[in-house]
Amino acid sequence: MTDAVITEYAGTRKNNTITRYYQYGNGGVRVLDGKKNLIRLYRFDPASDTMTEHDPARPDRILRRFIFDRMGM
């Protein structure tokens, strides 16, 4: 099974420049620029209802932590 990918374009048509890719998988969400360089890395922990943003250059370093309530907010 391959990861799901969402592509973001600069304009309103598919023939415009690709600005970002969002790659969804078991490890979380990887945000890539138009050249497919990693610019953001988000990991999910359903057991503790948290999501963490990691430094792409140092994946072990947490930049931000998001905590969700039972409603997913």
Side-chain angles (χ1 to χ4, degrees):
M1 178 182 215
T2 60
D3 293 339
V5 175
I6 294 176
T7 307
E8 182 178 305
Y9 294 90
T12 58
R13 297 193 175 133
K14 281 190 171 184
N15 60 356
N16 289 13
T17 306
I18 296 174
T19 56
R20 284 193 191 123
Y21 296 94
Y22 298 87
Q23 185 176 30
Y24 296 83
N26 291 338
V29 178
R30 295 166 45 97
V31 182
L32 311 165
D33 65 11
K35 296 179 182 178
K36 296 194 176 180
N37 297 311
L38 183 64
I39 56 174
R40 295 273 190 274
L41 176 61
Y42 296 96
R43 294 190 180 143
F44 301 101
D45 182 8
S48 63
D49 293 326
T50 61
M51 177 178 73
T52 52
E53 179 182 357
H54 293 259
D55 183 349
R58 294 181 48 204
D60 58 322
R61 182 174 176 218
I62 295 174
L63 300 175
R64 290 190 287 178
R65 184 170 310 208
F66 304 90
I67 301 171
F68 300 94
D69 63 14
R70 293 180 188 175
M71 302 295 286
M73 305 298 275

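All heavy atoms count here, side chains included; hydrogens, waters and symmetry mates do not.
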Shared hydrophobic cluster, Y24 / V31 (ILVMFWY, side-chain heavy atoms < 4.5 Å): yes
Shortest non-hydrogen contact from P59 toward L41: CB-CD2, 4.2 Å
Do any side-chain atoms of residues 65-73 form donor-acceptor pairs under 3.5 angstrom with protein atoms, and if so which ones, sequence neighbours left out?
from: D69; atom 1: OD1; to: M71; atom 2: N; distance (Å): 2.9
from: D69; atom 1: OD1; to: G72; atom 2: N; distance (Å): 3.1
from: D69; atom 1: OD1; to: M73; atom 2: N; distance (Å): 2.9

Distance (rounded to the nearest 0.5 Å) between H54 NE2 and I62 CD1: 4.5 Å
Separation of T19 OG1 from L32 CG (nearest 0.5 Å): 11.5 Å
Single-linkage hydrophobic cluster, 4.5 Å side-chain cutoff, V29 and I39 together: yes
From CG (D55) to CG (D60), nearest 0.5 Å: 8.5 Å
CG-OH distance between L38 and Y21, expressed to the nearest 0.5 angstrom: 14.0 Å
From R64 atom CZ to R40 atom CZ, the distance as rounded to the nearest 0.5 Å: 7.0 Å
Side chain to side chain donor-acceptor pair (under 3.5 Å) against D49, all qualifying residues, sequence neighbours excluded: none
